[in-house]
Amino acid sequence: MAVEPLSQKEIEDRLAELPGWSLDGDRLTRSYRLGSHFAATALVVHIARIQDELDHHSDLTLGYHTVSLAVQTHSAGGAVTEKDFELARRVEDIAPGHGTH
């Protein structure tokens with residue numbers, strides 16, 4: 001089943017439900033600042049697990065105290081799709097101090 005790109009309105013509506021996430025060009029992006037490098041590294045491991053479960057992977061960057069994600073659906077021509085928002089919601093749920101725990 002093909003994954004369809006979302007319209008600008010659909011993207012805006014879904015972003016309203018995900019504070020901290022934004023559209024940067026043709027990608028959903030979010031950065032998290034954590035209390036230590038170890039905490040940031042642990043978050044990367046948890047995100048990698050989610051990405052494997054969903055079989056949908058972001059560009060994931062580990063900084064000293066930060067983790068940044070940028071995601072788009074390559075199989076939909078690099079557009080933003082529901083798959084990207086599913087990944088974003090799952091990451092929000094596990095990010096320390098964010099989401100619903």
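The shown structure was predicted, so the numbers you read here are calculated from the model rather than taken from an experiment. Counting begins at 1 with the first residue of the sequence.
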Q.
Could you tell me if the side chain of D59 sits less than 4.5 Å from the side chain of V71, heavy atoms only?
A. no
**Q.** Nearest-0.5 Å distance that lies between atom CG in L43 and atom CG in L62
**A.** 9.5 Å
Q) Any chance CG of D55 has more than 12 other-residue heavy atoms, nucleotides or ligands included, within less than 6.0 Å? A) no
(Q) Using side-chain contact (heavy atoms from CB on, under 4.5 Å), reason through R90 and E53 one step at a time and then give a plain yes or no. (A) CA-CA 11 Å; R90 293 277 306 273; E53 286 175 10; 2.4 Å; yes
Q. Side chains of S22 and T29: donor-acceptor distance under 3.5 Å anywhere?
A. yes
Q) Say you draw a straight line from CZ of F85 to CG of L15; how long is it, rounded to the nearest 0.5 Å? A) 4.0 Å
**Q.** Cation over ring face, R30 and Y32, 6.0 Å, 45°
**A.** yes
Q) Is the shortest distance from a Lys or Arg side-chain nitrogen in D93 or R89 to a carboxylate oxygen in the other one below 4.0 Å? A) no
Q. For the side chain of H37 and the backbone of H65, is there at least one donor-acceptor N/O pair under 3.5 Å apart?
A. no
Q) Going by heavy atoms in the side chains, are L18 and E92 under 4.5 Å from each other? A) yes
Q) Between OH of Y64 and OG1 of T41, what distance do you get to the nearest 0.5 Å? A) 10.5 Å
Q: For residues L34 and P96, report the shortest heavy-atom separation together with the two atoms involved.
A: CD2-CG, 3.7 Å
(Q) For the residue pair S68 / T61, report whether a side-chain donor-acceptor contact shorter than 3.5 Å exists. (A) no
Q | NZ/NE/NH1/NH2 to OD/OE distance under 4.0 Å, E86 and R14 | A | no
Q) Taking atom NZ of K83 and atom CG of L6, what is their separation to the nearest 0.5 Å? A) 12.5 Å
Q: Report yes if the side chains of H57 and D52 come closer than 4.5 Å at any heavy-atom pair, otherwise no.
A: yes
Q.
When you compare the side chain of V80 with that of D26, does any pair of heavy atoms fall below 4.5 Å?
A. no
Q. Which of these passes side-chain hydrogen bond (donor to acceptor under 3.5 Å, both in side chains) with D84: R27, Q72, H56?
A. H56
Q) Side chains of Q51 and S58: donor-acceptor distance under 3.5 Å anywhere? A) yes
Q.
Taking A76's backbone N and O only, do any of them form a donor-acceptor pair with T73's side chain (distance below 3.5 Å, no angle check)?
A. no
Q) Distance from L87 atom CG to L69 atom CG, nearest 0.5 Å? A) 6.5 Å
